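Take a look at the structure below.
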Amino acid sequence: MPTIEERALALVNEVAGFDYLIAGDVMDDDRDYMLKALCRALEAHDATLAEFEAFRRKVSDKAEVVKKLHPTAACYLGDLILPKPVDPLVEAIREASVSDADDGDASRLRAALAKRGLKLVEVGDAAA
């Protein structure tokens with residue numbers, strides 16, 4: 001996932017029609033108010049999107065409760081109900097089918113985790 005600075009530079013480069021600005025070149029320059037303002041705007045936009053997603057989830061959860069209490073309302077509430085997010089670890093475990101695990105299962109689990117951008121970390125290494 002690109003950083004806020006990288007996203008801001010990509011937008012500036014796209015508008016300007018060139019692609020040679022990099023974060024180290026311009027983000028340290030205190031005179032570059034445009035990029036700093038764009039970074040703040042992107043941060044605010046990301047926060048608004050996060051709030052909106054939280055609101056959508058809350059509406060979905062409430063619609064699901066109403067649907068259970070009033071099954072006749074199901075036809076009206078279906079569009080409001082979002083699928084529950086699946087835990088990527090649960091998906092990985094299901095994909096790897098880890099019953100009677102062996103070395104092959106372990107490698108399949110690691111591959112399934114890597115496909116989802118996850119990895120196993122030993123407890124001693126967690127702080128690093």
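Everything numeric here is computed off the predicted structure, so don't read it as measured data.
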Cys39 and Glu5: which non-hydrogen atoms are nearest, and at how many Å?
SG-CA, 4.0 Å

Can you list, pair by pair, the side-chain donor-acceptor contacts under 3.5 Å of residues 59-79, counting residues two or more places apart and other chains?
unit_1	atom_1	unit_2	atom_2	d
Ser60	OG	Leu82	N	2.7
Asp61	OD1	Lys84	NZ	2.8

Rounded to the nearest 0.5 Å, how far apart are NE2 of His45 and CD1 of Ile4?
9.5 Å

For Glu53, salt bridge (charged side-chain N to carboxylate O under 4.0 Å, His left out) partners two or more places apart:
Arg56

Could you tabulate the donor-acceptor pairs under 3.5 Å formed by side-chain atoms of residues 112-119, not counting sequence neighbours?
unit_1	atom_1	unit_2	atom_2	d
Lys115	NZ	Glu95	OE1	3.3
Lys115	NZ	Glu95	OE2	3.4
Arg116	NE	Glu91	OE1	3.0
Arg116	NH1	Glu95	OE1	3.3
Arg116	NH1	Ala112	O	2.8
Arg116	NH2	Glu95	OE1	3.0

